[in-house]
Structure formats: C-alpha cells, structure tokens
Amino acid sequence: MFFLKKSIYKKICMALAGMMLVLCCAAVPAGSVDAADASILSMYRRAVDFPQGDLSRLAQVIRRAQCGEEITIGFLGGSITEGHGAEDIQDCYVSQVYKWWKDTFPQAEIAVVNAGIGGTSSYLGVHRVETELLVHKPDLVFIEFAANDTFTTFCMNSYENLIRKVLMAESNPALVLLFAANSDGNSSQAVEAALGQYYELPMISYGNAVIPEVQAGSFMWHEIAVDTVHPNNMGHSIFARLIITCLEDVCSRLDQIAVRTERLQRYELPVPVTPQIYQNAHIENAATITPLDMTGYGIYDFNYHFTDNWYSMEDGSFLSFVVEARNIGVLYQRTVEGTFGQYDVYIDDVYVKTLDGNYVEFYGTETEAEALYSSPDGSTAAHVIKIVKNPQSANIDFVLIGLLLS
C-alpha cells in the first residue's frame with residue numbers, strides 16, 4: 001500500500017470521475033464488419049472520450065512516415081494483443097493496424113513488434129518491456145493491459161512505472177494507451193485512463209465503444225467475441241478500426257496540431273503518482289543467473305514465450321538463488337492437465353507463498369507472474385530465494401520460467 005500526495009490524488013480522483021461518464025451514440029448494425037465500419041464514427045466518439053492528450057510525438061511519427069523514413073511500431077499487452085480470438089494472425093487488430101501503416105505510407109519502411117502475451121498484466125509487462133520491445137527502438141508504442149490488470153494500487157503502480165519506462169526510452173516513442181474490456185464491461189480502464197490523462201497521453205477504449213452497443217441490443221457480445229474476453233474477427237476489426245480512425249484523424253489535421261518540440265526528446269515527466277520501484281525491473285532466467293543450489297532440475301525451453309526455464313522432474317528437487325534486489329517476484333508455468341505440483345517459496349528462510357502449477361481452464365493463465373517481496377524501506381539488499389516441493393503435493397513437475405527482480 002502507498003499514499004498519494006494530496007494535489008496529485010485530487011487530480012487522479014477528478015480524472016477517475018470523468019472516466020465514468022459515458023456518452024450515448026448511434027447503434028452499430030450487426031452482421032458484418034462492413035456494417036460496423038460504416039458507423040464506426042459513433043463508436044469512435046465514445047472510444048476517444050478522454051482529454052486528447054499531447055499529440056506531439058504521434059504527429060512527428062506520422063510526418064516521418066510521410067517522408068519515407070523507417071518507422072517501428074510496438075504493441076505490448078495480453079492475449080488480445082497477441083491475437084487470441086482471431087481466426088488467423090493477419091486478422092488480429094495488431095496486423096490490421098500494421099497493414100494500415102504499410103498501405104498509407106508505401107514509401108516508408110514500416111516494421112512491427114508484437115509483444116503481446118496471453119494472460120499477462122502490466123506487472124510482467126514492466127519487467128519485460130526493455131528486452132522484448134524497447135530494445136527494438138520503437139517510434140510508436142501501444143499498450144493494452146486493461147482486461148488483465150486489476151483495479152488495485154498494485155496494478156496502478158506497475159502500470160505507471162511501465163508508462164514512464166516507455167516515455168523515457170532512448171527512441172523517444174509516442175505512446176497510445178488502449179483499453180479492452182470483458183463482456184460485463186469489467187476492466188482497469190478507470191485507473192489506467194486517469195494515469196493516461198495525468199501524463200497527457202492519447203487513449204482509445206474498445207470497451208467504451210462496444211459495451212453500450214451490446215447493452216442497447218445493437219449486437220450481441222457473441223457476435224464480436226469468441227468468449228467473455230477475446231474478440232473474434234469482427235471484434236478485432238472494430239478494435240483496429242478505432243485505432244486507425246484515430247490515426248487518420250491525426251493525419252487529417254497535422255498542420256493544426258501544436259507540436260511541443262521539447263516533448264520530441266526526453267523531457268521531465270510530472271511527479272510520479274506511485275513509487276517508482278520498477279524502473280530497473282527485469283527477468284533473470286537459467287541463461288542469466290546461476291542458482292546457489294540446484295538439485296533435480298533440468299533446463300528446457302518449456303514455455304512458449306520464454307526460453308531457458310528450470311524444470312523440476314524429480315522428487316526432492318531443490319532450487320535456491322542469491323539476488324540483490326528490493327522487489328522480488330517469480331514467473332512460472334501453469335497447466336490445465338492437473339499434472340504439475342505445488343512448490344513453496346521462501347525468502348530469507350521465511351515462507352512466502354505456495355505456487356500451484358495447475359489451474360482451471362478459463363480461470364488462470366499458463367504464464368503466471370507473482371509478486372512475492374517488496375522492501376519495506378525501499379532499500380536494495382541481498383536475499384536468498386528457496387523453492388521446494390510442498391510436502392502435500394502429489395505431483396513433482398514444476399517449471400520456473402524466471403525471477404522478476406528490481
């Protein structure tokens with residue numbers, strides 16, 4: 001738990017109140033993507049019903065594309081960004097937005113980096129953004145975690161740290177925040193959009209666009225999604241069209257957009273709302289850290305997204321590390337088959353948590369990130385992490401993907 005400065009807290013509360021207002025717009029006809037495209041503007045007005053934010057960097061990226069320069073666009077998010085629900089990867093919203101850039105600026109060399117991983121939140125995102133996205137020096141970044149983040153101070157903390165890491169990146173990227181939502185409209189949009197307003201960022205809400213249409217009976221949720229979370233082809237097309245409409249709007253008024261030249265380079269960000277404890281957040285795996293003690297573990301590329309995992313396959317397996325950190329978390333594998341075990345984590349010989357390698361389908365994720373320890377005074381110190389099989393565990397198998405350290 002942390003406390004906000006009164007002036008900043010007041011700004012955030014005012015922003016949160018503003019985010020709860022929903023405008024009524026015309027309904028979108030059901031039945032085809034073309035019909036949705038024909039009336040996308042009504043949904044778009046709701047999707048961008050936020051303060052416009054500072055468009056200096058975004059306008060600059062578009063101008064550079066018009067001049068035929070090389071442009072790299074990055075997407076960081078969960079399963080929707082990864083493309084789940086789309087019949088083919090070319091149908092997902094990321095691919096459609098990328099196609100718009102290619103078609104609109106054929107003279108430019110456009111590259112895309114899709115760093116979406118299903119079931120993950122901004123907590124894991126802030127640990128992997130450097131190596132999976134910022135290393136590619138993106139010119140424009142889209143972040144989508146609203147459907148996976150929770151409405152908590154913990155996610156607010158990791159999300160703000162992520163925003164600041166992107167804005168302070170070497171390539172000075174433009175940043176656009178995206179907000180997906182579940183079928184019941186549940187998401188962390190309010191707290192994330194409040195931060196977006198505080199940092200003057202452009203924002204686009206898929207939830208604001210489609211939930212009122214479902215509630216009005218314009219179309220059913222199942223017509224735009226394959227389950228309670230993931231858009232189908234039509235849903236991905238709507239999401240893409242909202243983003244493209246925003247980009248086209250910026251293109252149409254480039255000459256009218258006031259560019260703050262100091263924002264095109266690294267600039268002094270506003271006072272942070274939450275503790276900046278994840279600015280050096282990173283992941284250590286079997287290729288980057290040597291265990292203090294390891295018994296019964298092998299090293300395999302078990303996880304689809306992350307290599308060099310530790311895999312326990314023997315009874316009595318034991319794994320321990322010495323780390324220098326002020327915050328410690330773990331990234332581990334889970335499975336729906338029910339064949340994995342439960343393992344206890346100790347930090348400095350104090351029991352912290354039991355990690356369950358199993359989950360019930362649709363109520364968990366394969367790549368699970370859990371925060372375990374945070375220094376009470378914010379100091380960095382040496383800590384010993386031990387991972388041992390729980391005595392009650394009937395199964396042995398367990399995969400540690402990596403340590404989350406900052």
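Residues take their numbers from the sequence shown, with the count starting at 1.
Closest non-hydrogen pair, Gln189 versus Ala146, comes out as N-CB, 4.3 Å. Summarising the geometry of Cys155 relative to Ser122, their closest heavy-atom pair is O-OG, 3.8 Å, with the distance given to 0.1 Å. Closest approach of Asp301 and Asp308 over heavy atoms only: OD1-N, 2.8 Å. Minimum interatomic distance between Tyr44 and Cys246 (heavy atoms only, all atoms of both residues): OH-CA, 3.2 Å. Looking at every heavy atom in both residues, Trp101 comes nearest to Leu140 through CZ2-CD2, 3.6 Å. Between Arg57 and Asn172 the shortest heavy-atom distance is NH1-C, 3.3 Å.
Residues Val384 and Phe321 fail the side-chain proximity criterion, which asks for heavy atoms closer than 4.5 Å. Residues Val330 and Leu403 meet the side-chain proximity criterion, which asks for heavy atoms closer than 4.5 Å. Asn327 is not listed as a side-chain neighbour of Tyr373, based on a closest heavy-atom distance of 4.5 Å or more. Looking only at side-chain heavy atoms (C-beta outward), Glu268 and Glu262 stay at 4.5 Å or farther from each other. Side-chain contact check for Arg164 versus Leu167: every heavy-atom pair is 4.5 Å or farther apart. Between Ser218 and Val214, the closest side-chain pair of non-hydrogen atoms is not below 4.5 Å. For the pair Leu404/Leu124, a side-chain contact is recorded, criterion being any heavy-atom separation below 4.5 Å from C-beta on. Looking at Tyr304 and Glu366, their side chains never come closer than 4.5 Å, going by heavy atoms from C-beta outward.
Rounded to the nearest 0.5 angstrom, Asp139 CG and Leu58 CG are separated by 11.5 Å. Between the CD atom in Glu213 and the CD atom in Glu223 there is a gap of 12.0 Å [rounded to 0.5 Å]. Note: Ile40 CD1 to Ser42 OG = 7.5 Å, rounded to the nearest 0.5 Å. Between atom CE of residue Met294 and atom CH2 of residue Trp310 there is a gap of 8.5 Å, rounded to the nearest 0.5 Å. In this structure, CD1 in Ile117 is found 10.0 Å from NE2 in His84, a value given to the nearest 0.5 Å. To the nearest 0.5 Å, the span separating CD1 on Ile163 from CD on Glu192 amounts to 7.5 Å.
Formation of a donor-acceptor pair under 3.5 Å by the Arg266 side chain with backbone atoms of Met168 is found in this model. Without hydrogens or angle criteria, Asn114 side chain to Thr81 main chain gives a donor-acceptor distance under 3.5 Å. Looking at Ser406, its side chain does come within 3.5 Å of a backbone N or O of Ile277 through a donor-acceptor pair. Between the side chain of Asn285 and the main chain of Gly402, no donor-acceptor pair closer than 3.5 Å is present. At least one donor-acceptor pair closer than 3.5 Å links the side chain of Ser171 to the backbone N or O of Pro138. Here the side chain of Arg334 pairs no donor or acceptor atom with the backbone of Gly357 at under 3.5 angstrom. Checking side-chain atoms of Asp149 against main-chain N and O of Met156 turns up no donor-acceptor pair under 3.5 Å. Checking side-chain atoms of Gln276 against main-chain N and O of Thr274 turns up a donor-acceptor pair under 3.5 Å. No donor-acceptor pair under 3.5 Å is formed between the side chain of Glu144 and the backbone N or O of Leu178. The backbone N or O of Pro275 sits less than 3.5 Å from a side-chain atom of Asn161, completing a donor-acceptor pair.
For Tyr300, the ring-ring contact (aromatic ring centres under 6.0 Å, His included) partners at least two apart in sequence or on another chain are Tyr311. Under the rule for a ring-ring contact (aromatic ring centres under 6.0 Å, His included), the partners of Trp100 that lie at least two apart in sequence or sit in another chain are Phe105.
His230 and Ser79 form a side-chain donor-acceptor contact under 3.5 Å, judged by distance and modelled atom types alone. Under 3.5 Å, the side chains of Asp397 and Thr339 contain no donor-acceptor pair of N or O atoms.
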Residues Glu370, Val345; criterion side chain to side chain contact (heavy atoms under 4.5 Å, CB included); working and verdict
CA-CA 11 Å; Glu370 300 221 23; Val345 180; over 6 Å; no
Apply side-chain hydrogen bond (donor to acceptor under 3.5 Å, both in side chains) to residues Ser393 and Asn395 and explain how you reach the verdict.
CA-CA 6 Å; Ser393 177; Asn395 298 317; 5.9 Å; no
Show, in sequence, the C-alpha distance, side-chain angles and deciding distance for Leu177 and Phe50, and conclude whether the side chain to side chain contact (heavy atoms under 4.5 Å, CB included) test is met.
CA-CA 11 Å; Leu177 305 183; Phe50 307 104; over 6 Å; no
Verify side chain to side chain contact (heavy atoms under 4.5 Å, CB included) between Glu284 and Val323, making sure each step is shown before the conclusion.
CA-CA 10 Å; Glu284 298 282 2; Val323 300; over 6 Å; no
Criterion side chain to side chain contact (heavy atoms under 4.5 Å, CB included) on Tyr359 and Thr365, from CA distance to verdict:
CA-CA 7 Å; Tyr359 73 94; Thr365 178; 5.7 Å; no
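Residue-environment remark: CD (Glu87) stays at or below the threshold of 12 foreign heavy atoms within 6.0 Å. Open room surrounds CD on Gln392; 12 or fewer heavy atoms of other groups in view lie less than 6.0 Å from it. Within 6.0 Å of CD in Glu109 there are 12 or fewer heavy atoms belonging to other residues, nucleotides or ligands.
Ring planes of Phe239 and Tyr93: parallel class, angle under 30° (limits at 30 and 60°). Between Tyr278 and Phe154, the ring-plane angle classifies as perpendicular under the 30° and 60° cut-offs. Ring pair Phe398/Tyr332 is parallel by interplanar angle, where below 30° counts as parallel and above 60° as perpendicular.
Salt-bridge check for Asp293 with Lys386: failed, with every basic side-chain N at 4.0 Å or more from each acidic carboxylate O. Ionic pairing of Arg241 and Glu248 is present here: one or more N-O contacts between side-chain nitrogen and carboxylate oxygen are shorter than 4.0 angstrom.
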